[in-house]
J.: 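Before anything else, here's the structure in question.
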Amino acid sequence: MLNYNPLACLPSSEELPDSDDTPVDNELQDLIPGLLKVLLAMAWPERMDWFFGVDMGIYYDPDLPAIVPDGFLSLGVERFYDQNLRPSYVLWEEKKLPLLVLEVVSQTYRGEYSTKKAEYAKLGILYYVVYNPFRRRKPRLEVYKLVNHAYELHDGNPVWLPEIGLGIGIEQGTYLGIPREWMYWYNQEGQRLLTPEEQAQQAQQQAQQAQQQAQQAQQQAQLLRERLRSLGVDPDSLT
């Protein structure tokens, strides 16, 4: 008697489109999730149990089109799929829901506060993060957590996410040479993770400080030798 495996009949990630081919009308929809992905790669260099997708389709039903957030984070999955990059994120293959999804609002709303929010809640995704750079009177960053099948807004900036072990928030900074408000990950002490540019700048400053300290030590040693000579003492005889 043959064993029937219904999953074997479903399309694979290689057979499904990787996104909905909807062009972004705001460059931040790519740059912000891209920055979050880079920061995670720097914070978790040895971890291979996470995946951050950018503008990638999440397939949750073989009969429905994918839902495509600007960014999403999954934990407990392979960092690389079959030693290659994932073409899409297929739930019946991954068997892990994303833990967090991110939407960056464009100048034209695409259901970030209504239909998409309801879809993510129905899927059971724990955190829903919305960033609206065009808001002036309302908070630009909103972080929702799923409680009893409904999203509850969490106040604060940054907001600590214990299931991830990081916080998420916004503040002024510079990324890719662009000074503006960016979204960052934060540690438990509320300190934001540095961008690659900032880490390089910090390393350069530390190297310069070390060089200055070495020069100061040499100058002090030379002054001491000159002082000893003025007292009639040969400093070389003391070594």
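No experiment lies behind these values; they were computed from the predicted model shown.
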J.: If you look at every heavy atom in T174 and Y184, which pair is closest and at what distance?
T.: N-OH, 4.0 Å

J.: If every non-hydrogen atom of E197 is compared with every non-hydrogen atom of L176, which pair is closest and at what distance?
T.: OE1-N, 2.8 Å

J.: Please say whether more than 12 non-hydrogen atoms of neighbouring residues, nucleotides or ligands are located less than 6.0 Å from CD in E189.
T.: yes

J.: Among L28, L102, L35, L39, find the one that has a side-chain contact (heavy atoms from CB on, under 4.5 Å) with M183.
T.: L102

J.: I125 and P98: which non-hydrogen atoms are nearest, and at how many Å?
T.: CG2-O, 3.6 Å

J.: The test is side chain to side chain contact (heavy atoms under 4.5 Å, CB included); show your working for D49 and R79 and say whether it passes.
T.: CA-CA 5 Å; D49 64 341; R79 176 84 183 276; over 6 Å; no

J.: Please answer whether the main-chain N or O of E198 pairs with a side-chain N or O of T195 as donor and acceptor at a distance below 3.5 Å.
T.: yes

J.: Who are the ring pair (Phe, Tyr, Trp, His ring centres under 6.0 Å) partners of W50, not counting sequence neighbours?
T.: W44

J.: Whether R110 and D70 form a salt bridge (side-chain N of Lys/Arg under 4.0 Å from carboxylate O of Asp/Glu) is what I want to check.
T.: yes

J.: Identify whether L64 and L123 are in the same connected component of the hydrophobic contact network (ILVMFWY, side-chain heavy atoms under 4.5 Å).
T.: yes

J.: Classify the side-chain pair Y89/S74 by whether it contains a donor and acceptor separated by less than 3.5 Å.
T.: yes

J.: Tell me whether the guanidinium CZ or amine NZ of R86 lies under 6.0 angstrom from the six-membered ring centre of F51 and within 45° of its axis.
T.: yes

J.: How long is the gap from CH2 on W185 to CG on L193, to the nearest 0.5 Å?
T.: 9.0 Å

J.: To the closest 0.5 Å, what do you measure between CZ (R135) and CZ (R140)?
T.: 10.5 Å

J.: Report all side-chain donor-acceptor pairs from residues 155-171 shorter than 3.5 Å, counting only partners two or more places apart or in another chain.
T.:
from: N157; atom 1: OD1; to: I170; atom 2: N; distance (Å): 2.9
from: N157; atom 1: ND2; to: I170; atom 2: O; distance (Å): 3.0
from: E163; atom 1: OE1; to: Y127; atom 2: OH; distance (Å): 2.5
from: E163; atom 1: OE2; to: K145; atom 2: NZ; distance (Å): 3.0
from: E171; atom 1: OE1; to: Y186; atom 2: OH; distance (Å): 2.9
from: E171; atom 1: OE2; to: R192; atom 2: NE; distance (Å): 3.2

J.: Carefully, step by step, assess Y128 and L153 under the rule side chain to side chain contact (heavy atoms under 4.5 Å, CB included).
T.: CA-CA 9 Å; Y128 177 45; L153 180 63; over 6 Å; no

J.: Minimum heavy-atom separation for P65 and Y60, please, with both atom names.
T.: O-CE2, 4.0 Å

J.: Tell me yes or no: between the side chains of E103 and Y120, is some donor less than 3.5 Å from an acceptor?
T.: yes

J.: Taking the side chain as every heavy atom from C-beta outward, state whether P196 and V38 have any pair of such atoms under 4.5 Å apart.
T.: yes

J.: Is there a donor-acceptor pair under 3.5 Å between the side chain of Q29 and the backbone N or O of V104?
T.: yes

J.: Can you list the steps and then say if L97 with L99 is a side chain to side chain contact (heavy atoms under 4.5 Å, CB included)?
T.: CA-CA 6 Å; L97 273 174; L99 198 61; over 6 Å; no

J.: If the threshold is 4.0 Å, N to carboxylate O, is there a salt bridge linking E112 and K117?
T.: no

J.: Kindly compute the distance separating NZ (K95) from CG (L91), expressed to the nearest 0.5 Å.
T.: 10.5 Å

J.: Looking at every non-hydrogen atom in both residues, tell me the closest pair between F134 and V105 and how far apart they are.
T.: CE1-O, 3.5 Å

J.: Could you work out, with side chain to side chain contact (heavy atoms under 4.5 Å, CB included) as the rule, every residue matching A121, not counting sequence neighbours?
T.: L146, Y151

J.: For V129 and V101, run side chain to side chain contact (heavy atoms under 4.5 Å, CB included): C-alpha distance rounded to whole Å, both residues' side-chain angles, the deciding distance at 0.1 Å, then the answer.
T.: CA-CA 6 Å; V129 179; V101 293; over 6 Å; no

J.: Are the side chains of P69 and K116 in contact, using a 4.5 Å heavy-atom criterion?
T.: no

J.: Please give me the minimum heavy-atom distance between V130 and Y144, naming the atom from each residue.
T.: CG2-CE1, 4.4 Å

